[in-house]
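All figures in this text were calculated on a predicted structure; none of them were measured in a lab. Convention: sequence-line order gives letters A, B, ...; per-chain numbering from 1.
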Amino acid sequence: MFDSLSEKFTLMVRNLSGRGRITPANVRQAMEDIRSALLEADVHYQVVEDFTQRVMEKATGTQVLASLEPGQQIVKIVFDELVALMGPVDSSIFFVDPPPTIIMMCGLQGSGKTTTCGKLALYLKSKGKNPLLVAADTQRPAAIDQLVTLGQQVDVPVYKQDGQADPIPICRNAVAFARQNGRDVVILDTAGRLHIDDALMEQLSDIAGATKPHQIFLVVDAMVGQDAVNSARAFNQKLELDGIILTKFDSDTRGGAALSVKAITGKPIKFLGVGEKLQMLEEFHPDRIAQRILGMGDILTLVEKAQSQFDQAQTEKMQEKLANATFTLDDFLEQMRSMRKMGPMKQLLGMLPGLGSALKDIQLPEEELDRAEAIIQSMSRKERENPDIVDSSRRRRIARGCGLQTEDVSRLVKGFSAARDMARKMSGLSMGSKMKMAQAMSTMSPESLSAMGHLGSAGPALRPSRLSPEQKRKMRDRRRRGR
Amino acid sequence: MAFDFLKKAISTGVDKLRGGLSRTRHAFLGSLKSILSGRKLDEELLEDLRKRLILADLGVAATNSITSDLRQAWHAGKIDSGDQVLEFLKSEMKSYWPQESRTLHFATAGPTVILVTGINGAGKTTSIAKLGQYLKAQNKTVMVAACDTFRAAAVEQLTIWASRIGVDIVKHQMGSDPAAVAYDACEAVVARHIDVLIVDTAGRLHTQDHLMRELEKIRRVIHKKIPDAPHEVLLVLDATTGQNAIRQAEEFKKAVQLTGIFLAKLDGTAKGGIVVAIRHQLDLPVKFIGIGEKPEDIAPFSPDDFVEAIFAQTENPG
């Protein structure tokens with residue numbers, strides 16, 4: 001997501017910052033590039049015009065051009081304008097007292113309303129709320145069944161009325177039901193509709209009139225093109241929206257819709273749907289997204305993800321183990337599993353600064369992680385605690401056990417030892433030094449990154465393709481000595 | 001007579017399409033005339049058209065290519081008035097999609113299999129109902145296979161559609177192997193001598209490798225069971241989709257050898273201009289358009305109407 005846009009910006013930054021002097025002509029050229037990059041990213045035509053106009057005005061100011069680092073200055077202007085365009089930061093949901101807080105969801109067909117309702121319910125549950133889902137989509141066949149299934153998955157009750165085709169009484173009764181049963185947040189899942197369908201749009205405002213929702217969210221597909229503006233404007237006029245939820249953000253769309261919809265409605269983007277799993281709903285942070293666009297990475301999201309998956313005590317235990325070098329393959333397995341709960345590897349790594357574009361062509365197959373798991377599970381307890389005892393005979397047995405080659409086993413063991421050593425070194429460092437180290441890693445070439453693939457999963461996709469003659473000789477010697 | 005019935009069915013389809021497009025068509029002809037008629041073709045007018053193409057989601061590349069063709073024809077003296085521009089654009093776009101590429105291919109003998117794919121929420125299941133209705137109106141027997149075993153209640157949704165349009169359905173439980181459903185469905189159509197099998201699949205983002213491989217497997221299973229099948233592999237594309245549709249088409253084409261596009265949800269203000277960009281880069285024809293929520297809201301794709309709609313004025317072009 002946003003990757004291609006980031007690439008263009010990265011290129012532009014490089015072009016601009018490589019120059020000692022920047023002329024207005026340079027800036028104009030760069031702006032032209034940004035303009036088509038934004039259009040290719042599906043940002044609405046008018047929004048692009050306004051955006052480039054604003055950046056242009058600020059960037060050609062004499063102060064910028066006369067400054068010591070005009071390239072950096074311009075990047076900063078683009079960054080600030082992007083943040084301004086997507087901001088302000090507001091992913092909060094406010095709750096009313098007395099409850100229930102009523103949240104109404106609306107959007108075009110297929111934008112992902114029902115799934116998002118499920119995700120939002122789970123999110124609210126994690127915040128200590130007791131949500132109630134309301135099946136008010138009486139239009140689409142089986143939409144109610146879908147919500148019921150989602151409700152079971154996230155363990156949240158679903159209010160429905162079989163045989164009732166009019167959503168208005170359903171919503172009204174649901175609110176009463178919530179009040180009686182102590183549910184403090186009511187989420188209304190309305191039917192998808194076209195913004196030009198007057199009758200159905202009228203029905204939406206009737207639902208809003210009958211239930212007086214405290215917040216109304218528009219669900220928008222992140223892949224939508226120029227038309228995003230038309231529908232968002234129509235919904236906003238009819239309903240006075242409180243916020244936007246962008247879905248399918250895990251696709252490789254450049255996500256210009258985020259910019260357009262915000263610019264046209266002026267309403268904050270609250271959340272992003274980033275995957276099919278129901279916990280994949282993220283709070284929206286414009287500065288982070290702007291950073292991602294500009295290739296500066298998204299460390300904060302990563303840290304938050306990690307925090308929500310690892311509990312504090314467990315993390316401290318691990319830290320200690322790392323420091324004392326008592327970290328075993330079992331711990332590694334456990335870590336790997338909790339990390340995988342955070343989401344696909346590629347998505348996680350893409351959040352690291354500078355890695356986004358480097359990762360574009362690298363395949364990070366999840367099977368590699370499966371294999372690592374299989375290898376570890378084929379080891380005995382003793383071997384997992386002390387992988388150094390794995391000799392060629394043990395290696396053969398393990399390889400047979402997991403159905404892989406002996407090389408795969410030794411690569412994992414070696415990678416693990418290396419990782420353990422590095423972890424020991426890192427654990428002695430201050431937070432600042434760790435950040436520096438992370439930064440140094442982010443500027444590495446793809447080759448050295450591949451070499452690092454030995455850490456942990458160590459897959460062929462990340463293996464350096466060639467060994468130097470020197471390394472080959474050493475390996476031969478080692479093998480001979482081993483036999 | 002059967003022939004009359006068919007003729008009537010087809011003409012209703014055409015009326016439906018014209019009806020669906022008429023709002024935009026009238027706005028378009030009116031508004032375009034006001035811009036073009038009586039005007040000389042100049043850079044300002046070209047810039048105006050450029051904006052319109054961008055707003056219709058054609059993307060920068062396809063837009064540039066079309067405007068440069070226009071400019072070339074202008075400099076060569078072939079066109080110089082605003083009125084000629086529309087005709088030029090129409091013929092240009094019509095040349096992209098020749099008639100033969102737009103029709104459905106049927107098996108020479110035995111059942112025809114149509115595999116329907118797309119990302120989440122594109123409108124696959126509804127489009128399948130429309131396709132089923134359309135084929136039934138052509139006196140074909142139709143069966144649908146519920147291979148979306150992933151999304152909550154997808155099987156129920158297709159079941160409801162199947163009973164509404166009166167076709168048989170093959171389904172397993174939710175969470176079962178979609179390829180197994182496809183296998184059973186293939187056996188069923190052969191055994192029951194059904195003309196067309198339409199296979200519904202779960203929506204998947206083209207970026208998810210494992211799901212794309214699952215789709216490849218479904219295709220393989222069908223092909224193994226019925227040689228030459230699937231005869232059509234359609235990508236259902238939401239007309240509101242922006243430039244990402246190119247990536248979708250690319251990935252789905254790579255995985256399951258798409259034969260065409262079903263352009264859904266064309267009844268809104270979105271123009272679906274992205275199919276021009278897809279045509280430019282991947283040479284995929286558009287076979288059908290979806291223009292409403294009812295099963296009969298389907299029409300064969302017509303470049304003529306499409307071109308007119310693309311340049312149609314929406315209430316607020318921004």
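- Judged purely by distance below 3.5 Å, without hydrogens or angles, the side chains of B:Arg151 and B:Gln157 pair a donor atom with an acceptor atom.
- For B:His206, the part lying under 4.5 angstrom from a heavy atom of chain A is the side chain only.
- The parts of A:Val224 that come within reach of chain B are both its backbone and its side chain, each placing non-hydrogen atoms under 4.5 angstrom from that chain.
- Side-chain contact between B:Lys51 and A:Gln46 is present, with heavy atoms from C-beta onward closer than 4.5 Å.
- Interface summary for chain B: among A:Gly118, A:Ala228, A:Ala142, the most heavy-atom pairs under 4.5 angstrom belong to A:Ala142.
- Using a 3.5 Å distance cut-off with no hydrogens or angles, the side chains of A:Gln139 and A:Gln109 do not pair a donor with an acceptor.
- Side-chain polar atoms of B:His172 and B:Thr149 form no donor-acceptor pair below 3.5 angstrom.
- Using a 30° and 60° split on the angle between ring planes, A:Phe271 and A:Phe217 fall in the perpendicular class, above 60°.
- The candidate with the highest count of non-hydrogen atom pairs below 4.5 Å against chain A, out of B:Lys265, B:Arg247, B:Gln243, B:Glu156, is B:Gln243.
- Across B:His280 and B:Ser65, no two heavy atoms sit closer than the pair CE1-OG, 3.0 Å.
- For a residue to count as touching a neighbouring chain, one of its non-hydrogen atoms must lie under 4.5 Å from one of that chain's; by this rule B:Ile119 touches chain A with the side chain only.
- Between chain B and the options A:Arg140, A:Glu276, A:His195, A:Gln152, the largest number of non-hydrogen pairs under 4.5 Å is found for A:Glu276.
- Taking B:Asp57, B:Thr125, B:Thr207 one by one and counting their heavy-atom pairs under 4.5 Å with chain A, the maximum is reached by B:Asp57.
- Heavy-atom pairs under 4.5 Å with chain A were tallied for B:Ile160, B:Thr63, B:Leu158; the largest tally goes to B:Ile160.
- Within the 4.5 angstrom heavy-atom criterion, only side-chain atoms of A:Arg35, from C-beta onward, approach chain B.
- Nearest heavy-atom pair, B:Ala239 versus B:Leu263, reported as atom, atom and distance to 0.1 Å: CA-CD1, 3.9 Å.
- Looking at B:Leu211, the atoms closer than 4.5 Å to chain A (heavy atoms on both sides) all sit in the side chain, from C-beta outward.
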